[in-house]
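The structure's right below; bear with me while I get my questions together.
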Amino acid sequence: MAEHPEKSFPYHGGCLCGAVRYEVAEIEPAMGHCHCSMCRKFHGAAFATFGEAKAENFRWTAGEHLLKAYIAPNGTTRQFCSQCGSSMTFEPSGSDGSLVEFALGTLESDIPQRPDVHIYTAYKADWYEITDELPQFGEGRNK
Ligand SMILES: [Zn+2]
Ligand SMILES: [Zn+2]
């Protein structure tokens, strides 16, 4: 009988209070800065950056029961730590759950990839100026 080697989850992160923790085996290459007004409010910051992982490459290691979800009128679901309020995940409306988008600011590990794009710049905060050379899209990626 073939033995499956234990899958490695080299990346880890957690919320501000430390109660909610997760591990990631592999982070997908696409990684955008989102300037939509909902991400801005969810993070309390100029923009949000989410990492993506296939569901089988992401697992909660502590505090999953402390996650609360906010479902917006447009059907998007955002999870946060109910103890400290840290933004944790984003799920688009109609998602089949095969991808997990997690707030990259909660990651504690170094990673090889870098954000590659700014999205939803049509909704960017006027007080924030984009000063890097990454492509900018007014709506979603490539739109
Ligand atoms: Zn917390
Ligand atoms: Zn957004």
Side-chain angles (χ1 to χ4, degrees), residues 4-143:
H4 289 284
E6 181 70 19
K7 190 174 189 173
S8 146
F9 284 71
Y11 309 114
H12 58 86
C15 66
L16 178 60
C17 76
V20 176
R21 310 270 320 154
Y22 62 86
E23 291 178 337
V24 191
E26 187 182 338
I27 300 170
E28 298 300 301
M31 186 184 283
H33 296 308
C34 185
H35 294 264
C36 85
S37 60
M38 296 181 71
C39 280
R40 192 160 64 244
K41 293 211 171 191
F42 185 53
H43 280 63
F47 56 84
T49 312
F50 286 98
E52 285 186 358
K54 295 191 174 96
E56 64 267 27
N57 289 331
F58 182 97
R59 65 186 183 197
W60 300 106
T61 54
E64 189 176 359
H65 65 286
L66 293 171
L67 290 169
K68 279 199 173 171
Y70 168 67
I71 303 173
N74 70 356
T76 55
T77 302
R78 295 170 188 269
Q79 288 183 299
F80 56 94
C81 172
S82 59
Q83 287 194 165
C84 69
S86 294
S87 306
M88 299 303 296
T89 68
F90 170 83
E91 195 174 355
S93 174
S95 161
D96 62 4
S98 61
L99 272 182
V100 178
E101 295 191 41
F102 59 97
L104 206 58
T106 62
L107 196 65
E108 297 158 6
S109 306
D110 291 341
I111 53 174
Q113 64 267 64
R114 294 292 178 264
D116 60 344
V117 73
H118 292 272
I119 58 174
Y120 291 100
T121 55
Y123 311 93
K124 182 179 77 58
D126 72 341
W127 49 264
Y128 181 75
E129 189 184 345
I130 297 171
T131 56
D132 62 40
E133 302 300 316
L134 297 178
Q136 300 180 21
F137 296 102
E139 300 291 334
R141 185 175 280 270
N142 299 320
K143 281 184 239 170

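Sequence positions, counted from 1, serve as the residue numbers for this chain. Atoms within each ligand, like the ligands themselves, are counted from 1 in listed order.
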Subject >> Salt bridge present between Glu108 and Arg21 (N-O < 4.0 angstrom) >> reply: yes

**OP:** Say whether Thr77 and Glu91, considering side chains only, have a donor N or O and an acceptor N or O under 3.5 Å apart.
**Re:** no

**OP:** For the residue pair His33 and His35, categorise the inter-ring angle as parallel (less than 30°), tilted (30 to 60°) or perpendicular (more than 60°).
**Re:** perpendicular

Subject >> His118 and Phe47 aromatic ring geometry - parallel, tilted or perpendicular at 30°/60° bounds >> reply: perpendicular

**OP:** Return yes when at least one N/O/S atom of His35 is nearer than 2.8 Å to the Zn ion (ligand 2), and no when none is.
**Re:** no

**OP:** To 10°, measure the SG(Cys81)-the Zn ion (ligand 1)-SG(Cys15) angle for me.
**Re:** 110°

**OP:** Angle at the Zn ion (ligand 2): provide the value between SG of Cys36 and SG of Cys34, rounding to 10 degrees.
**Re:** 120°

